[in-house]
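Report on the structure given below.
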Amino acid sequence: MTLGKDMTNLKKHQMAAKDKISQYLHKAKSFCKNHQNEIIVGSYIVLVSGLGITAIMMKRYKNSLDVEKKALENSKQIIDSLKCRINNLENLSEIKDSFFNKAISNDLRHGGSFGGQQMAYRKAYLNSCNKAVDL
């Protein structure tokens with residue numbers, strides 16, 4: 001008998017809940033119908049504000065990208081300039097080494113001790129750099 005009573009109470013609660021939901025739904029629909037213009041204007045304001053903020057943020061992002069792009073281009077120019085300078089110095093070093101080797105050879109041919117001393121220094125330097133000796 002209590003099971004039948006519990007089922008009746010459950011159905012009453014279900015009906016009451018369904019009625020309350022219907023009432024709230026009706027109130028919401030009435031509110032939307034009565035305040036239709038305000039809702040549309042408010043939605044438009046939110047939309048325009050969001051678009052404005054997005055536009056501002058995109059402009060800032062674009063500006064920061066432009067700055068980074070210019071910095072990258074400057075860095076590339078500096079790197080290219082330094083590569084050119086390094087190549088120039090390597091060429092000058094090869095020319096200097098060629099002249100110095102000729103001077104050492106000439107000094108040794110004429111019996112000077114300075115050429116022998118410089119050849120020993122050069123050999124030690126090249127060995128320390130793991131380079132082949134090319135005299």
Side-chain angles (χ1 to χ4, degrees):
M1 183 112 142
T2 59
L3 183 61
K5 196 174 189 182
D6 288 340
M7 290 299 282
T8 307
N9 282 338
L10 180 63
K11 286 186 179 185
K12 284 181 185 177
H13 285 320
Q14 285 177 342
M15 291 300 288
K18 186 176 179 182
D19 289 341
K20 282 215 177 231
I21 290 172
S22 293
Q23 288 174 358
Y24 287 132
L25 184 60
H26 178 69
K27 283 182 181 179
K29 286 180 180 178
S30 295
F31 179 82
C32 290
K33 187 175 182 182
N34 294 335
H35 297 89
Q36 187 175 12
N37 291 337
E38 291 89 349
I39 292 171
I40 291 173
V41 169
S43 299
Y44 179 74
I45 289 171
V46 169
L47 176 68
V48 169
S49 298
L51 290 175
I53 291 170
T54 302
I56 290 170
M57 295 305 291
M58 291 299 288
K59 185 175 181 182
R60 286 183 183 171
Y61 179 72
K62 184 182 178 290
N63 289 343
S64 69
L65 284 179
D66 289 343
V67 168
E68 289 178 11
K69 186 177 178 181
K70 287 178 184 176
L72 182 61
E73 288 172 4
N74 287 341
S75 297
K76 286 180 180 178
Q77 288 176 352
I78 290 170
I79 289 170
D80 289 343
S81 174
L82 290 174
K83 283 181 181 178
C84 183
R85 181 65 179 148
I86 288 169
N87 287 336
N88 185 21
L89 290 173
E90 286 174 345
N91 291 337
L92 288 175
S93 180
E94 288 177 14
I95 292 170
K96 183 244 346 151
D97 286 346
S98 173
F99 282 127
F100 192 66
N101 287 338
K102 287 179 184 176
I104 289 172
S105 177
N106 192 31
D107 189 52
L108 286 173
R109 251 183 283 141
H110 291 87
S113 62
F114 182 74
Q117 181 186 17
Q118 293 306 313
M119 190 187 317
Y121 289 153
R122 187 174 191 309
K123 184 177 180 182
Y125 169 73
L126 292 175
N127 286 335
S128 72
C129 295
N130 293 324
K131 293 185 179 178
V133 177
D134 61 338
L135 290 176

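Keep in mind that the numbers below use all heavy atoms, side chains included, and drop hydrogens, waters and symmetry copies. For clarity, every value in this text was computed on a predicted model and none was experimentally measured.
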Cut-off 3.5 Å, side chains only: do N9 and H13 have a donor facing an acceptor?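 Short answer, no.
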
Determine whether the side chains of R109 and S105 contain a donor N or O and an acceptor N or O closer than 3.5 Å.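 The criterion, which ignores hydrogens and geometry beyond distance, is satisfied for S105 and R109.
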
Any donor and acceptor pair, going by atom type alone, linking the side chain of [X] with main-chain N or O of [Y] inside 3.5 Å?
X: N101; Y: D97; result: yes
X: N34; Y: S30; result: yes
X: H26; Y: S22; result: no
X: S98; Y: E94; result: no
X: S75; Y: A71; result: yes

When rounded to the nearest 0.5 angstrom, what is the spacing between CD1 in I40 and CD1 in I45?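 If we round to the nearest 0.5 Å, I40:CD1 and I45:CD1 are 12.0 Å apart.
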
Check this for me: does any side-chain nitrogen of one of K62 and D66 sit under 4.0 Å from a carboxylate oxygen of the other?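 A salt bridge links K62 with D66.
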
So do the side chains of [X] and [Y] get within less than 4.5 Å of each other, counting heavy atoms only?
X: L47; Y: S43; value: no
X: Q77; Y: D80; value: no
X: K29; Y: K33; value: no

Does atom CD of Q36 have more than 12 heavy-atom neighbours from other groups under 6.0 Å away?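 At most 12 heavy atoms, drawn from other residues, nucleotides or ligands, come within 6.0 Å of this atom.
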
